[in-house]
There are 2 protein chains.
Amino acid sequence: MVSGHTYRYPRPALTVDVALFGWAGDALQVLLVQRDKAPFDGSWALPGGFVQVDEDLEAAALRELNEKTHVHDVFLEQLYTFGAPGRDPRDRVVSVAYFALVRPASHPPRADAYTRDAGWFDVADLPELAFDHGEILRVARDRLRGKVRWAPIGFELLPPAFTLGQLQRLYEAILGRPLDKRNFRKKLLSLGLLTDLHRHESGVPHRPSRLYAFDRDRYDAMSADGLVFEL
Amino acid sequence: MVSGHTYRYPRPALTVDVALFGWAGDALQVLLVQRDKAPFDGSWALPGGFVQVDEDLEAAALRELNEKTHVHDVFLEQLYTFGAPGRDPRDRVVSVAYFALVRPASHPPRADAYTRDAGWFDVADLPELAFDHGEILRVARDRLRGKVRWAPIGFELLPPAFTLGQLQRLYEAILGRPLDKRNFRKKLLSLGLLTDLHRHESGVPHRPSRLYAFDRDRYDAMSADGLVFEL
DNA sequence: GCAAAAGTGTTGAAGGTACACCCATGT
DNA sequence: ACATGGGTGTACCTTCAACACTTTTGC
């Protein structure tokens with residue numbers, strides 16, 4: 001795979017950037033890294049970097065994520081490609097943005113050689129971001145908001161065993177509006193995609209809640225038969 | 001905007017490819033070009049080409065489209081970015097695919113220096129396509145099928161004045177299933193987005209149909225108020 | 001007058017929304 | 001005992017799906 005005579009023109013550079021969302025129990029968060037180089041030295045940005053010449057795009061996104069967090073399990077999908085000529089002040093850089101979700105447990109961010117620091121930020125209270133990463137994040141939030149009603153991706157943000165209350169708070173945060181408790185529970189249970197674990201929370205200062213798990217096998221079987229999730 | 005010391009690594013090449021759909025009155029069509037160079041010399045492919053180093057991605061897509069058709073009015077949006085390492089046998093090429101719709105009238109395709117021929121093909125009866133363009137087209141058709149129910153993009157394929165019968169046949173072709181005539185008309189008229197032009201077809205061997213126009217201003221106003229189109 | 005598509009309402013089923021009280025636990 | 005979230009059912013209304021006949025034109 002050598003560049004032949006066909007491609008003799010100057011090429012834009014190609015990067016991936018990842019909008020990684022997490023759920024802190026009461027607020028939606030995003031992972032940001034603090035840049036340690038010009039341009040935007042000191043600014044916060046989405047984790048990302050250059051795509052290697054023989055590397056798959058999704059693999060590049062996962063690699064970048066791995067360099068910034070200890071990821072166990074991520075849901076990752078392509079979001080959009082940002083390529084406005086002025087988006088990087090130095091050079092023409094086209095970025096394929098990815099959208100990712102992680103479960104809360106133990107994803108301590110760490111800085112790498114190119115970043116001064118890394119950390120989780122509430123989406124409701126973000127610093128100014130480098131490049132067009134504010135715009136990328138807006139698109140990612142729109143995608144999350146739109147998609148969570150059609151696909152069972154909310155579960156990617158919760159631990160394997162969760163309560164209906166946790167699930168409802170998550171949906172309310174993503175959708176930005178309150179949901180009726182009885183209707184929410186009725187709807188979700190009627191889908192038949194939650195397994196009752198017959199266990200309860202403990203140590204809470206109120207009636208302990210039942211714990212449920214999302215039944216992915218059943219979802220896969222049902223969606224093969226043409227079901228839609230639709231909350 | 002000169003490549004500095006920061007970007008010293010080999011870069012993937014970057015192209016755009018466009019899945020342009022048209023409506024022939026009874027069948028959905030796609031514009032294809034016949035390649036006149038290796039690889040895939042003689043194969044049919046989506047129109048597309050290299051992104052210039054200071055060119056916006058969407059501008060590149062429009063330029064490529066212009067070089068292959070006489071486009072008056074296109075609906076164009078980004079579809080997905082395809083970047084599997086082996087998708088071009090010669091070199092690493094990442095392609096940002098676009099999805100486009102045109103009204104039928106007078107878009108005669110023409111070949112250019114890189115193409116032997118260009119023409120419209122029924123989506124139901126396509127040749128084998130070059131590269132991964134068959135896959136791109138599948139994704140584009142999925143997008144069209146999914147989006148036509150949520151956004152008023154079907155009108156982009158019809159002339160400014162159309163009949164409800166034409167509109168229904170278009171929806172049936174895109175969705176791939178028959179729709180109930182009375183329910184379809186009821187639903188569309190109840191949205192309040194069709195202007196009755198108080199004109200009728202003529203020269204047809206049956207009762208002439210009323211002509212309607214899509215009221216885009218009204219749609220914009222309504223969607224600013226948070227309406228969803230939802231057919 | 002015949003062929004072909006246009007045009008038009010009603011009914012039953014399903015799903016969505018609104019709404020208020022008792023329960024189990026920790027402190 | 002009190003504070004806190006967990007858990008439950010009904011009634012109304014809106015929306016969707018199914019369904020058949022008359023009208024207007026060209027030939």
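Per chain, numbering begins at 1; letters A, B, ... match sequence-line order.
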Sequence neighbours left out, what passes side-chain hydrogen bond (donor to acceptor under 3.5 Å, both in side chains) with A:D56? Give chain and number order.
none

So does B:S209 get a side-chain nitrogen or oxygen closer than 4.0 Å to the phosphate oxygens (OP1/OP2) of C:dA5?
no

The helix from C:dG1-D:dC27 to C:dT27-D:dA1: angle between terminal helix axes, five bp per end, to the nearest 10 degrees, reads 10°

Residue pairs passing the ring-ring contact (aromatic ring centres under 6.0 Å, His included) test with at least one member in residues 175-203 of chain A, sequence neighbours excluded, are A:Y171-A:F184

Short side-chain to backbone donor-acceptor contact, B:Q166 and B:T163, under 3.5 Å
yes

Value rounded to 0.5 Å, distance of CZ in B:F75 from CG in B:L20:
12.0 Å

Walking along DNA chain D from 5' to 3', note the first and the last nucleotide with an atom under 4.0 Å from a heavy atom of chain B, and give both.
D:dC16 to D:dG26

Provide the full list of salt bridge (charged side-chain N to carboxylate O under 4.0 Å, His left out) pairs with a residue in residues 129-141 of chain A, sequence neighbours left out, each pair given once.
A:R87-A:D132, A:E135-A:R138

Main-chain N/O of A:G192 paired with A:R218 side-chain donor or acceptor, under 3.5 Å
yes

Does the side chain of B:L158 reach to within under 4.5 Å of the side chain of B:Y212, using non-hydrogen atoms?
no

Interatomic distance where CD belongs to A:E230 and P belongs to C:dA14 [whole Å]:
17 Å

Expected output is a numbered-order residue list: members of residues 170-188 of chain A with a heavy atom under 4.0 Å from any atom of DNA chain C. What is it?
A:D180, A:R182, A:N183, A:K186, A:K187

To the nearest angstrom, how far is B:L197 atom CG from C:dA6 atom P?
16 Å

So, using salt bridge (charged side-chain N to carboxylate O under 4.0 Å, His left out) as the criterion, who are the partners of A:D142 when residues are at least two apart?
A:R145

All N/O contacts under 3.5 Å from nucleotides 23-27 of chain C to the protein, with atom names and distances to one decimal?
{"from": "C:dC23", "atom 1": "O4'", "to": "A:R207", "atom 2": "NH1", "distance (Å)": "3.4"}
{"from": "C:dA24", "atom 1": "N3", "to": "A:R207", "atom 2": "N", "distance (Å)": "3.0"}
{"from": "C:dT25", "atom 1": "O2", "to": "A:P205", "atom 2": "O", "distance (Å)": "3.3"}
{"from": "C:dT25", "atom 1": "O2", "to": "A:H206", "atom 2": "N", "distance (Å)": "3.2"}

With sequence neighbours excluded, tell me which residues meet side-chain hydrogen bond (donor to acceptor under 3.5 Å, both in side chains) with B:S95.
B:T15, B:D17

Pairs meeting criterion salt bridge (charged side-chain N to carboxylate O under 4.0 Å, His left out) with involvement of residues 172-191 of chain B, two or more places apart:
none

Any pair with a residue in residues 153-169 of chain A that passes salt bridge (charged side-chain N to carboxylate O under 4.0 Å, His left out), sequence neighbours left out, goes on the list, sorted by first then second residue, please.
A:R103-A:E156, A:E156-A:R216

Tell me whether B:Q34 contacts the main-chain N or O of B:A118 through its side chain, where contact means a donor paired with an acceptor under 3.5 Å.
no

Could you give all pairs that pass the salt bridge (charged side-chain N to carboxylate O under 4.0 Å, His left out) test and reach residues 200-213 of chain A, with sequence neighbours left out?
A:D196-A:R210

